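Right, one structure below, let's go through it.
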Number of protein chains: 2
Amino acid sequence: MPLAPLFRPIDVAPAYQKVADAIEREIVNGRIKPGDPIGTEHDLVRQFGVNRSTIREGIRVLEEGGLISRDSSRRLHACLPRYSKLASRLSRALVLHEVTFRELYEASMTLEIASIEGAVERATEENLADLTDNLARSEAVLGDPAALAECDAEFHVLVAKASQNRVLQLAREPAAQLFYPTTEMIVTGVAEGGPRLVAAHRHLIDAIRRRDCEVGVLWTRRHLQDWRRGFERIASLDRSVEHMYMEHAQAARRR
Amino acid sequence: MPLAPLFRPIDVAPAYQKVADAIEREIVNGRIKPGDPIGTEHDLVRQFGVNRSTIREGIRVLEEGGLISRDSSRRLHACLPRYSKLASRLSRALVLHEVTFRELYEASMTLEIASIEGAVERATEENLADLTDNLARSEAVLGDPAALAECDAEFHVLVAKASQNRVLQLAREPAAQLFYPTTEMIVTGVAEGGPRLVAAHRHLIDAIRRRDCEVGVLWTRRHLQDWRRGFERIASLDRSVEHMYMEHAQAARRR
DNA sequence: GGCCCTAACTTTGTCGGACAAAGGGACGAA
DNA sequence: TTCGTCCCTTTGTCCGACAAAGTTAGGGCC
């Protein structure tokens, strides 16, 4: 029979990690609210009793995690992590794991259908206005594949927003970010691609406005199947997402 | 008419950020492969021509992003970001955004159904063996809510794995991590909770083995509805996920 | 009194150097 | 060969320093 343990495992984390953990704890448990100032590096040096270099390493960790950021005057304050930034981390991970477009397609089918269902059920007038505005802009840039692809990405973000479900919003984003560059390629290569894309968006807005779930789901399916058909003219669905696609995700992250 | 621009915007990012970006680029575009050594801090000092403090700040950024890590002897090497670690960042974000359990429930319903559908279609013998093993362990710890909740979380990770869709695996994880602590509470508070949970798992494994999609979806629905009923005995679905839940996610991240 | 401009102060980003602790490798002894 | 020891490297941390950019305070001007 083993002895009752006398000692707890000791915490051997490096100091910068402990600094980051301590600040993270205060933010996550709500004692520091988003927007609250964190104090200057010198303040933290005094509070934690470690060197400024150590503090700065801890700050980098939190900054990268999106928990704190620097305002225009570079002062530190807590903030709400932004979905698009976090999602781009995930997109990056998916690329490194070499997921296939088939996985992307299948997951997106599920996620986008769930989004439209939520949107049909709960979209507000404001959501609809945003979507309509997006549609108008899409029509205006029909001849510009890059701009159209960007509009398409934004359209689906808006649909997800209209679902009023932030978990869904977050869950769909990583896959969606990887779609974006291929959409541009498809619209460039397939003549009827642009008009079909915009037509699908119009039907989706209509379905949301009329609260017609079935039509919404139908057109989401068609929209994604269109993407698939277009993509398969270029490459196989079983191809893994390639590294070049990351450039777009990186650009999106900085925005 | 505006003049044609003579100059490109110059890059004013701080040096540590440039260091991180440069290394990230090499990893993401594949010139440095997961597992490859990055070199010592001193090497990087020489290569980038900046101070070691600056290099170290850049390293922290990449480390937090999961792109590089240190092995047993603390040497740096590139690595594949781990889903569970990234997902816990997202879980943390969801908590800070104060998402409701209703959002969590709705999104999970979609994601877990998609997982089981994929698993029914594509699960391998090995997946089934893992699931069966998990079931056995669950039965063994029926009296221990914390252990059972952990088994439940693992079960659904295994189902997602069996779907062979890594995008789905990643998408479901943040929401799933937030479920875990409530499962423990429910199993503790509701006497028949544990047995029902294990029974549902048994039916799910059975459905996967027999490739019976309908039954799989049915039991996933029931399983989640059970959770919902249990949860509603404790609190309203419209309550936002609270800060205390993060403690579990944090523990999971370090693992 | 209110507003603008300058000067002093703060804060950040970066640098150079320093040292203890821990790990790895080489070298010699058994 | 295996073991133990010594040395070197690497990391984590500290100290002090400085330029650039931002902030604050004070004084002069309307």
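To find a chain, count down the sequence lines: A is the first, B the second, and so on, and within it residues start at 1. Fair warning: this is a prediction, and the values are worked out from it, not measured in the lab.
In this structure, the nucleotide among dT13(D), dG13(C), dG24(C) sitting nearest to the side chain of R56(A) is dG13(C). Distances were taken from every side-chain heavy atom of S53(B) (C-beta onward) to each of dT11(D), dG13(C), dG16(C); the shortest belongs to dG16(C).
In the model, T100(A) has no side-chain atom that pairs as donor or acceptor with a side-chain atom of R102(A) under 3.5 Å. Between the side chains of S240(B) and E98(B), no donor-acceptor pair of N or O atoms lies under 3.5 Å. For S163(A) and N165(A), the side-chain atoms include no donor-acceptor pair closer than 3.5 Å.
Atom CG in D71(B) sits about 17 Å away from atom P in dA22(C), given to the nearest Å. As rounded to whole Å, 10 Å separates atom C1' of dT11(D) from atom CD1 of I59(B). A straight line from CD1 of I55(B) to C1' of dT11(D) spans 14 Å, rounded to a whole angstrom. Note: NE2 (H42(B)) to C1' (dA18(C)) measures 15 Å, nearest angstrom. As rounded to whole Å, 16 Å separates atom C1' of dT10(D) from atom CD1 of I38(B). Atom P of nucleotide dT12(C) and atom CG of L76(A) are separated by 6 Å, given to the nearest angstrom. For the pair E57(B) CD and dT13(D) P, the interatomic distance rounds to 13 Å; values are reported in whole Å. The distance from atom CD of E41(A) to atom C1' of dA21(D) is 14 Å, rounded to the nearest whole Å.
In this model, no side-chain donor or acceptor of R52(A) finds a partner on the base of dT12(C) within 3.5 Å.
OP1 and OP2 of dT13(D) both lie 4.0 Å or more from every side-chain N or O belonging to N51(A). Within the structure, every side-chain polar atom (N or O) of T54(A) is placed at least 4.0 Å from both OP1 and OP2 of dG12(D).
Below 30°, between 30° and 60°, or above 60°: for F179(B) and W227(B) the angle between ring planes is above 60°, a perpendicular geometry.
Taking the nucleotide of DNA chain D with the nearest heavy atom to each of R70(B) and R74(A), the more 5' of the two is matched to R70(B).
Within 4.0 Å of R75(B), counting heavy atoms only, lie sugar-phosphate atoms of the nucleic acid but no base atom.
Looking only at side-chain heavy atoms (C-beta outward), I27(B) and E24(B) stay at 4.5 Å or farther from each other.
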